[in-house]
J.: 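Sharing a structure below in structure tokens format, with a few things to ask.
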Amino acid sequence: MRIIAGVHKGLRLKAVPGSGTRPTTDKVKEALFSMIGPFFSGGKALDLYAGSGGLGIEALSRGMETCVFIDSAKQAIETIHTNLSHTKLIEQAEVYRNDASRALQALAKRDVQFSIVFLDPPYAKQSLEKLLSSIAEYNLLADEGIVVCEHDRAVSLQKCVGTLVCHREALYGQTVISLYRKEKKDDTCDLRREF
């Protein structure tokens with residue numbers, strides 16, 4: 001597992017020990033950032049179900065100003081800290097051990113908004129629509145922001161969840177990337193598919 005592009009391109013990241021965490025493959029990560037970037041000029045990112053922190057760290061390497069990393073597993077939090085220290089990005093990061101739903105509630109109380117939200121829960125425990133609904137309800141996404149959902153191709157998400165509209169989906173093997181944005185007056189639930 002490595003950083004694909006940006007300031008820290010090529011640096012290797014440590015994976016979370018054990019089989020409980022499924023890291024995003026380099027191929028999917030590269031495709032994902034090509035869809036949403038590939039580079040950024042500032043902004044705040046949220047890496048929910050962060051695992052090793054690979055997506056948030058990639059976003060920081062590509063120009064995001066700060067990233068909040070959330071995971072409920074102790075080993076994941078330790079791995080995120082290790083990877084942030086290795087990449088010298090610790091000053092741009094906040095790391096919290098918390099359940100995803102409770103973390104979203106806590107962030108809402110801080111009145112913060114994110115340019116990018118990464119949602120990549122374990123495939124067997126996905127509750128993406130509930131999380132999307134909370135992000136919309138708590139107004140956690142900035143006006144030009146994007147929510148990136150990584151899920152199994154067997155999972156079919158609603159095209160509209162609260163104020164969020166799915167604008168694009170792309171299939172990579174068994175993995176689907178669904179991109180959500182805040183709806184605007186001319187938005188519909190039509191979707192540009194890539195598979």
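Just the heavy atoms: all of them, side chains too, but no hydrogens, waters or symmetry mates, feed the values below. What you see is a predicted model; the values in this text were computed from it and never measured.
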J.: Just distance, no hydrogens or angles: give the donor-acceptor pairs under 3.5 Å from side chains in residues 55-69, sequence neighbours left out.
T.:
from, atom 1, to, atom 2, distance (Å)
E58, OE1, I4, N, 2.9
E58, OE2, I4, N, 3.3
E58, OE2, A5, N, 3.1
E58, OE2, R62, NE, 2.7
E58, OE2, R62, NH2, 3.1
S61, OG, A5, O, 2.7
S61, OG, V7, N, 3.3
S61, OG, H8, N, 3.0
R62, NH1, P38, O, 3.1

J.: Looking only at non-hydrogen atoms, find the nearest pair between D71 and A50 and report the distance.
T.: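 Where D71 meets A50 most closely, the heavy atoms are OD2-N, 3.3 Å.
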
J.: Can you tell me how far CG of N98 sits from OG of S72, rounded to the nearest 0.5 angstrom?
T.: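 The CG atom of N98 is 8.5 Å from OG of S72, to the nearest 0.5 Å.
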
J.: Drop me the distance from T82's OG1 to I77's CD1, to the nearest 0.5 angstrom.
T.: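 One gets 11.0 Å once the value is rounded to the nearest 0.5 Å.
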
J.: Is any side-chain heavy atom of M35 less than 4.5 Å from a side-chain heavy atom of R168?
T.: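 Side-chain contact under 4.5 Å: yes.
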
J.: Spell out, as yes or no, whether a donor-acceptor pair under 3.5 Å connects the side chain of K9 to the backbone of R2.
T.: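 Looks like no, no N/O pair under 3.5 Å.
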
J.: In terms of heavy-atom contacts, does CD of Q105 have more than 12 from other residues, nucleotides or ligands at under 6.0 Å?
T.: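 Counting other residues, nucleotides and ligands, CD of Q105 exceeds 12 neighbours.
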
J.: I'd like to know if the side chain of N83 reaches the main chain of L13, judged simply by a donor and an acceptor atom lying under 3.5 Å from each other, with no hydrogens or angles considered.
T.: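 Such a contact is absent between N83 side chain and L13 backbone.
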
J.: Once side chain to side chain contact (heavy atoms under 4.5 Å, CB included) is applied, do any residues pair with K130, and if so which ones, sequence neighbours excluded?
T.: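 S101, S127.
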
J.: So do the side chains of L157 and E129 get within less than 4.5 Å of each other, counting heavy atoms only?
T.: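 Counting from C-beta outward, L157 and E129 do come under 4.5 Å.
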
J.: Can you tell me how far the CD1 atom of I36 sits from the OG atom of S115, to the nearest 0.5 Å?
T.: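 Interatomic distance, I36 CD1 to S115 OG, rounded to 0.5 Å: 10.5 Å.
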
J.: Taking all non-hydrogen atoms of both residues, which atom of Y180 and which atom of Q158 are closest, and how far apart?
T.: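 Of all heavy-atom pairs spanning Y180 and Q158, the closest is OH-O, 2.5 Å.
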
J.: Show, in sequence, the C-alpha distance, side-chain angles and deciding distance for R153 and V176, and conclude whether the side-chain contact (heavy atoms from CB on, under 4.5 Å) test is met.
T.: CA-CA 5 Å; R153 67 183 302 172; V176 178; 3.8 Å; yes

J.: Quick one: closest heavy-atom pair of P17 and T79, and the distance?
T.: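 Closest heavy-atom pair between P17 and T79: CD-OG1, 3.8 Å.
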
J.: Of the non-hydrogen atoms in G51 and V16, which two are nearest, and what is the gap between them?
T.: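 Looks like C-CG2, 3.5 Å.
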
J.: What's the shortest heavy-atom distance between L48 and A103, and which atoms?
T.: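 What the structure gives for the nearest pair is CD1-CB, 4.4 Å.
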
J.: Between CG of L104 and CG of L46, what distance do you get to the nearest 0.5 Å?
T.: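 Spacing of CG (L104) from CG (L46) equals 6.5 Å.
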
J.: What ring-ring contact (aromatic ring centres under 6.0 Å, His included) pairs are there with at least one residue in residues 76-116, not counting sequence neighbours?
T.: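 Applying ring-ring contact (aromatic ring centres under 6.0 Å, His included) to every pair that reaches into residues 76-116, excluding sequence neighbours, yields nothing.
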
J.: Which pairs, with at least one residue in residues 35-50 and sequence neighbours excluded, count as a salt bridge (charged side-chain N to carboxylate O under 4.0 Å, His left out)?
T.: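 Residue pairs passing salt bridge (charged side-chain N to carboxylate O under 4.0 Å, His left out), neighbours aside: none found.
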
J.: Using the rule that two of Ile, Leu, Val, Met, Phe, Trp, Tyr join whenever any of their side-chain heavy atoms come within less than 4.5 Å, decide whether V155 and Y49 are in one cluster.
T.: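 Same cluster.
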
J.: Measuring only between side-chain heavy atoms, which start at C-beta, is C149 closer than 4.5 Å to L132?
T.: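 Yes. Closest side-chain heavy atoms under 4.5 Å.
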
J.: Hey, mind stepping through E169 and K159 against salt bridge (Lys or Arg N to Asp or Glu O under 4.0 Å) and telling me if it holds?
T.: CA-CA 10 Å; E169 282 188 344; K159 302 313 171 217; 3.6 Å; yes

J.: Taking salt bridge (charged side-chain N to carboxylate O under 4.0 Å, His left out) as the definition, give me every residue that meets it alongside E30, ordered by chain and number, with sequence neighbours left out.
T.: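 None.
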
J.: Could you tell me which non-hydrogen atom of L131 sits nearest to which non-hydrogen atom of A100, and how far apart they are?
T.: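 For L131 versus A100, the nearest heavy atoms are CD2-CB, 4.0 Å.
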
J.: Judged by modelled atom types alone, do H151 and S178 share a side-chain donor-acceptor pair under 3.5 Å?
T.: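 Yes.
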
J.: Are any non-hydrogen side-chain atoms of I135 and L119 less than 4.5 angstrom apart?
T.: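 A side-chain contact exists here, since the closest heavy-atom pair is under 4.5 Å.
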
J.: Do L128 and P121 have side-chain heavy atoms sitting under 4.5 Å apart?
T.: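 Yes, close enough: below the 4.5 Å cut-off.
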
J.: Which residue pairs pass the salt bridge (charged side-chain N to carboxylate O under 4.0 Å, His left out) test with at least one member in residues 73-86, sequence neighbours excluded?
T.: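 Every pair satisfying salt bridge (charged side-chain N to carboxylate O under 4.0 Å, His left out) with a residue in residues 73-86: K74-E78.
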
J.: Apply side-chain contact (heavy atoms from CB on, under 4.5 Å) to the pair E150 and T175, showing each step before the final yes or no.
T.: CA-CA 7 Å; E150 184 177 335; T175 300; 3.5 Å; yes

J.: May I have all residue pairs that pass salt bridge (charged side-chain N to carboxylate O under 4.0 Å, His left out) and include part of residues 88-110, sequence neighbours excluded?
T.: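 Of all non-adjacent pairs touching residues 88-110, those that pass salt bridge (charged side-chain N to carboxylate O under 4.0 Å, His left out) are E94-R110.
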
J.: Ignoring hydrogens and angles, write down the donor-acceptor pairs under 3.5 Å from the side chains of residues 136-148, residues two or more places apart or on other chains.
T.:
from, atom 1, to, atom 2, distance (Å)
N139, OD1, Q113, NE2, 3.4
N139, OD1, K182, NZ, 2.9
D143, OD1, K182, NZ, 3.2

J.: Should the pair F33 and F118 be assigned to parallel (<30°), tilted (30 to 60°) or perpendicular (>60°) ring geometry?
T.: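 Ring orientation of F33 relative to F118: tilted.
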
